[in-house]
Amino acid sequence: INHNVASEQMFKYSEIAVGQKNKKKNNDIILGYLSENNEHNDNLEVLIPSLQKIFREFKNVRFYIIGHLDIPEELKEFSSQIKIKSFTRSFRNWKDLPSLISKFDINIAPIASNIFNEAKSENKWLEASLVKVPTIASNFGVFKEVIKDGETGLLCNNSDDWYKELKNLIVNDTLKTIISENAYNYCKDNYNAVKTGFKLASIINKVANKHIGFIVPNLD
């Protein structure tokens, strides 16, 4: 499989976003979640018990949801700590995405265990890594394949894991820095469109026939 990678432009805007990161004026910890559609409500289910504990324990935690997602009933008592923004209001085009993600302290990527999610890419982890934001993800699908647990991200199997790893990153700035730097360096070396393009071209050249005939039969 030739994985999704970042273009040279994506690297460029990510580097700009990293350079523009400002020191916080408060001690809020922002958990960021990018959601494309309402189907992602199922993905959030595993997080609900751990988020309830985190919100009660850390009043300075803010949960930013970017996209189309409803706040589950179980979390509505913490609505003052939750903010939802649509994609259209959050940025004008994809070039604004790195700047948006760079405002997160922790990127979360929960996915439910189903055949659809088996085919999802690691874009959420990649995009956050390029702006030096650590990711906590479900230990499933492509995340299980590409993330080195404890090195380039944190992987969770259940709600207890999510609570433990969220708390780890909330209280441990050193761990946040180590994981974000490791992930950034790994993605910079392995998710560059130029480098992977050469790899794909070499595979195609190796297996392709020198002469290819293409026949389109008559509709009759």
Side-chain angles (χ1 to χ4, degrees), residues 3-36 40 43 47 60-67 69 82-111 120-138 142-143 145-156 165-166 168-196:
H3 287 251
N4 285 347
V5 294
S7 66
E8 288 182 88
Q9 278 192 306
M10 190 65 173
F11 271 99
K12 171 187 172 183
Y13 290 110
S14 296
E15 291 290 333
I16 292 172
V18 170
Q20 291 177 342
K21 276 190 176 184
N22 298 318
K23 288 186 177 181
K24 288 188 174 182
K25 296 179 181 179
N26 54 45
N27 66 340
D28 285 354
I29 300 294
I30 299 175
L31 312 180
Y33 179 55
L34 295 171
S35 166
E36 291 93 7
H40 287 63
N43 295 335
L47 266 178
N60 63 324
V61 166
R62 301 289 180 263
F63 185 30
Y64 283 19
I65 299 171
I66 311 297
L69 193 68
I82 300 173
K83 181 181 290 188
I84 298 179
K85 287 186 177 182
S86 71
F87 273 117
T88 53
R89 290 202 309 269
S90 299
F91 56 92
R92 294 181 297 277
N93 57 49
W94 68 269
K95 295 176 183 178
D96 299 318
L97 186 60
S99 178
L100 179 68
I101 299 174
S102 71
K103 293 178 174 60
F104 301 163
D105 292 293
I106 301 168
N107 176 53
I108 59 175
I111 53 173
K120 299 201 77 170
S121 77
E122 62 271 43
N123 277 355
K124 284 186 174 64
W125 166 74
L126 168 61
E127 291 160 352
S129 297
L130 291 180
V131 292
K132 298 187 178 183
V133 173
T135 294
I136 306 177
S138 295
V142 72
F143 292 138
E145 178 186 341
V146 304
I147 295 176
K148 295 180 181 178
D149 190 27
E151 294 182 30
T152 60
L154 295 171
L155 297 173
C156 301
E165 302 301 4
L166 281 167
N168 277 345
L169 287 190
I170 288 169
V171 302
N172 193 335
D173 287 336
T174 300
L175 182 61
K176 278 204 292 282
T177 300
I178 289 172
I179 289 177
S180 60
E181 289 289 340
N182 286 343
Y184 170 80
N185 290 325
Y186 183 84
C187 290
K188 194 172 182 179
D189 290 338
N190 296 279
Y191 281 82
N192 186 306
V194 175
K195 293 180 181 178
T196 54

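Note that the coordinates shown come from a computational prediction; the quantities given were computed from them, not determined experimentally.
The line from CG of L175 to CD1 of I170 is 12.0 Å long, rounded to the nearest 0.5 Å. Rounded to the nearest 0.5 Å, atoms CD1 (I147) and OG (S129) are 7.5 Å apart. Atom CG of D149 sits about 8.0 Å away from atom SG of C156, to the nearest 0.5 Å. Interatomic distance, CD1 of I30 versus NZ of K83, reported as 8.0 Å (0.5 Å rounding). Separating the OG atom in S102 from the CD1 atom in I16 is a distance of 11.5 Å, to the nearest 0.5 Å. Taking CZ of F104 as the start and CG of L34 as the end, the distance is 5.0 Å to the nearest 0.5 Å.
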| request: Mind running side-chain contact (heavy atoms from CB on, under 4.5 Å) on V61 and L166 for me, showing each step along the way? | output: CA-CA 10 Å; V61 166; L166 281 167; over 6 Å; no
| Please walk me through it: do N43 and Y33 pass side-chain contact (heavy atoms from CB on, under 4.5 Å)? | CA-CA 11 Å; N43 295 335; Y33 179 55; 3.7 Å; yes
| query | Does the pair I66 and L100 meet the rule for a side-chain contact (heavy atoms from CB on, under 4.5 Å), with working shown? | reply | CA-CA 9 Å; I66 311 297; L100 179 68; 3.8 Å; yes
| request: With side-chain contact (heavy atoms from CB on, under 4.5 Å) as the test, would you mind laying out the steps for L31 and I136 before giving the verdict? | output: CA-CA 10 Å; L31 312 180; I136 306 177; over 6 Å; no
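Side-chain atoms of N107 come within 3.5 Å of backbone atoms of K124 as a donor-acceptor pair (strictly under, hydrogens ignored). Under a 3.5 Å cut-off, the side chain of N182 and the backbone N or O of T152 do not form any donor-acceptor pair. In this structure, the side chain of K21 engages the main chain of V131 through a donor-acceptor pair within 3.5 Å. Judged purely by atom type and a 3.5 angstrom limit, N190 uses its side chain to pair as donor or acceptor with the backbone of Y186.
Cation-pi geometry between K132 and Y184 is satisfied (NZ or CZ under 6.0 Å from the ring centre, within 45° of the ring normal).
Residue-environment remark: NZ (K148) stays at or below the threshold of 12 foreign heavy atoms within 6.0 Å.
Under the side chain to side chain contact (heavy atoms under 4.5 Å, CB included) criterion, V146 pairs with H3, E122, W125, V142, Y191, sequence neighbours left out. E151 pairs by the salt bridge (charged side-chain N to carboxylate O under 4.0 Å, His left out) definition with nothing, not counting sequence neighbours.
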